[in-house]
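Here's the structure, in structure tokens; my notes come after.
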2 protein chains.
Amino acid sequence: MDLIQRISAEQQQLSKSERKVAELVLHDPETAIHRSIASLASLANVSEPTVNRFCRRLGCKGYPDFKLQLAQNLAKGTPFVNRHIEESDNVDELTQKIFDSTLSALSIARQSLDSRPISSAVDALVNARKIAFFGFGASASVAHDAQNKFARFDTPSSFSDDLLVQRMWAINSEPNDVLFCISHTGRTKALCEIAEIAHENGACVIGVTALDSPLSDFCRIVVSSNVPEDTDQYMPMASRIAQLVLIDAIIAGYTLKRGPQFREKLARVKEGLKGSRFQKSPDSSS
Amino acid sequence: MDLIQRISAEQQQLSKSERKVAELVLHDPETAIHRSIASLASLANVSEPTVNRFCRRLGCKGYPDFKLQLAQNLAKGTPFVNRHIEESDNVDELTQKIFDSTLSALSIARQSLDSRPISSAVDALVNARKIAFFGFGASASVAHDAQNKFARFDTPSSFSDDLLVQRMWAINSEPNDVLFCISHTGRTKALCEIAEIAHENGACVIGVTALDSPLSDFCRIVVSSNVPEDTDQYMPMASRIAQLVLIDAIIAGYTLKRGPQFREKLARVKEGLKGSRFQKSPDSSS
DNA sequence: TTGATTATGTAACTTTACTACATTTAGGCT
DNA sequence: AGCCTAAATGTAGTAAAGTTACATAATCAA
């Protein structure tokens with residue numbers, strides 16, 4: 001656990017004066033690392049030894065050591081604590097918080113990543129006859145995004161958030177077909193049904209979902225993201241971003257595995273998109 | 001340019017004694033940050049002021065400042081630099097790289113953020129009569145995602161990636177209607193046309209796009225993300241993630257501005273979604 | 001070689017952080 | 001309440017670290 005997290009964790013157990021220091025540091029860590037102990041102390045309205053004791057309580061050797069660790073912590077760029085949004089936040093604070101918690105979730109997901117299912121997914125895709133991406137609600141747009149990327153490839157792919165279309169696809173599925181079922185919770189009844197049908201037909205069902213969920217029972221491969229609870233209480237935020245990035249990784253793996261002449265094709269596809277744009281600086285699709 | 005790079009760059013122009021210090025630091029930076037100026041000086045067989053002068057020559061305020069910068073430099077260690085994917089990467093490396101570059105892009109976007117257009121967008125939405133989210137290609141799924149979130153709210157909202165549907169909406173648009181046009185480059189001809197029509201009808205066109213792009217000419221508000229060039233050469237990766245997070249921020253601002261009784265409604269919507277799921281741990285939509 | 005210029009080191013000084021101790025504050029018990 | 005104990009906080013002195021001013025040594029051009 002890094003220093004900033006340690007401070008916010010221990011904040012409760014600190015004494016009154018020490019908590020003043022903690023608040024100051026958490027509120028503006030940048031400032032702290034450029035100040036002397038005396039200046040920080042007076043800023044927090046406490047004495048110098050209090051600041052020193054505060055540092056030691058956090059496991060530092062002294063104030064200079066504390067500054068050093070804090071500096072490193074900041075440089076690492078994971079001061080993204082899941083700070084919850086408050087009624088009093090202005091738009092600027094709020095925006096920063098949203099970015100922070102997304103970054104935080106992504107970086108946690110990155111650490112607790114299992115590349116094996118991703119690898120299996122790539123293998124399945126390379127041999128796929130046709131591919132589909134299904135999901136509902138917020139996961140539908142993730143599926144949509146994934147299909148959009150596969151549209152660049154030469155294997156037939158489809159997306160749907162329509163129950164009946166999905167069911168038809170599943171019923172017609174065969175071995176060597178790949179079905180991506182996307183659901184954060186893995187508890188959406190309708191999607192489980194679809195997955196079951198495809199699974200029974202011998203298709204390779206890949207779940208971008210939670211491990212040990214009802215949906216995962218029907219999946220040959222489960223790619224899970226292990227993001228912390230969503231910051232926002234009303235709708236998925238960070239979880240779907242993690243799903244997108246996971247799928248990006250699968251796509252990158254696929255692109256690589258298909259070899260150089262496949263990537264030439266991709267370059268041609270990209271070139272071909274230019275016709276739809278006002279020219280100036282050639283860029284990726286949008 | 002970071003400190004270590006700066007040292008090796010200036011190494012040639014340094015005097016004999018100062019070069020000794022430079023070599024020492026480059027050879028073992030870890031040690032340097034934990035030593036006092038005296039200890040470092042004796043280790044390099046030079047005097048203390050020499051070390052001090054060395055620090056200043058590198059643009060630091062003094063030795064403590066030098067240590068701080070060096071520490072930050074080291075902590076960055078394997079920063080989320082846009083490390084390009086290589087043929088030889090295995091799936092694990094590749095996945096890490098994809099996550100890294102996404103994190104990198106997001107954190108850059110976070111730093112160079114202008115909250116004013118976000119704030120204006122929130123204001124426009126609060127007064128909106130109807131709202132639409134349009135985009136093509138990868139941006140279509142972003143628009144899809146945004147609409148999915150607005151489906152929870154009480155203002156009529158729609159999404160389309162269909163040229164004709166979009167055009168019909170634009171033609172029917174009026175003042176107080178809000179149109180989100182999503183495009184990374186802001187150069188997609190079709191979308192510009194739609195934006196122009198809506199704009200001429202007096203609707204509030206909000207571009208989630210690049211500043212100074214053709215599209216931005218028809219936008220009353222431009223929310224831009226300033227992400228670095230996309231890592232992947234073939235398709236948008238990081239840029240669309242940044243778009244999503246920007247829209248998340250707008251939504252969070254909107255939710256907050258609508259006040260507590262509006263959030264109660266949201267809670268009811270979330271509760272209502274449960275019926276579509278296998279129960280166990282209630283969670284957000286998927 | 002010599003004078004000027006730059007590089008380096010010495011020593012005094014200033015700032016910074018730490019330690020030991022005194023004072024205050026808070027909580028428990030009669 | 002009033003007292004006692006223990007914890008928390010601050011004061012003042014001390015040690016250590018960093019900086020500055022100046023003196024000496026090295027380098028180079030004429």
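Letters go in sequence order (proteins before strands), and every chain restarts at 1. Side chains are part of it too, since the values below use all heavy atoms of this structure and drop only hydrogens, waters and symmetry mates.
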**Asked** Pick the nucleotide of DNA chain D nearest each of B:Arg53 and B:Lys61; which residue has the one closer to the 5' end?
**Response** B:Lys61
**Request:** Taking only the side-chain heavy atoms of A:Tyr63 (C-beta and beyond), determine which of C:dC18, D:dG18, C:dT8 contains the nearest atom.
**Result:** C:dC18
**Request:** Salt-bridge test for A:Glu10 and A:Arg57: reply yes if a basic N is under 4.0 Å from a carboxylate O, no otherwise.
**Result:** no
**Asked** Taking the side chain of B:Glu48 as heavy atoms from C-beta outward, which of D:dT9, D:dG18, C:dT8 is closest to it?
**Response** D:dG18
**Request:** Check whether any side-chain nitrogen or oxygen of A:Asn52 sits under 4.0 Å from OP1 or OP2 of C:dA17, and answer yes or no.
**Result:** no
**Asked** Is any NZ, NE, NH1 or NH2 atom of the basic residue among B:Arg240 and B:Asp145 found under 4.0 Å from an Asp or Glu carboxylate oxygen of the other?
**Response** no
**Item:** Separation of atom CZ in B:Phe66 from atom P in D:dT19, rounded to whole Å
**Value:** 12 Å
**Asked** Tell me: CD of B:Glu18 to P of C:dA7, nearest whole Å?
**Response** 8 Å
**Asked** Would a distance-only check, ignoring hydrogens and angles, find a side-chain to backbone donor-acceptor pair under 3.5 Å from B:Ser36 to B:Ser39?
**Response** yes
**Request:** Please state whether the phosphate of C:dT6, meaning OP1 or OP2, lies under 4.0 angstrom from any side-chain nitrogen or oxygen of B:Lys16.
**Result:** no
**Prompt:** Does D:dA8 have OP1 or OP2 sitting under 4.0 Å from an N or O in the side chain of A:Thr50?
**Reply:** no
**Request:** Can you figure out which of D:dT19, D:dT9, C:dA17 approaches the side chain of B:Pro64 most closely?
**Result:** D:dT19
**Request:** Select one nucleotide: of D:dG18, D:dT9, C:dG9, the one nearest the side-chain heavy atoms of B:Pro49.
**Result:** C:dG9
**Message:** Using a 4.0 Å heavy-atom cut-off, does A:Arg56 contact any base of the nucleic acid, only the sugar-phosphate backbone, or nothing at all?
**Reply:** sugar-phosphate
**Request:** Give the rounded distance in Å between these two atoms: CG of B:Asn45 and C1' of C:dG9.
**Result:** 13 Å
**Message:** If I take atom CG in residue B:Leu43 and atom C1' in nucleotide D:dA17, what distance separates them, rounded to the nearest angstrom?
**Reply:** 17 Å
**Asked** From C:dA7, D:dG10, D:dG18, pick the nucleotide closest to the side chain of B:Ser36?
**Response** D:dG18
**Request:** Give me the ring orientation class for B:Phe180 and B:Phe150: parallel if the planes are under 30° apart, tilted from 30 to 60°, perpendicular past 60°.
**Result:** tilted
**d(CD1, A:Ile37; P, D:dA15) in whole Å** = 18 Å
**Request:** Quickly work out the A:Ile33 CD1 to C:dT16 C1' distance and round it to whole Å.
**Result:** 17 Å
**Request:** Answer yes or no: is there a donor N or O on one side and an acceptor on the other, between the side chain of B:Asn127 and the main chain of B:Asp123, under 3.5 Å?
**Result:** yes
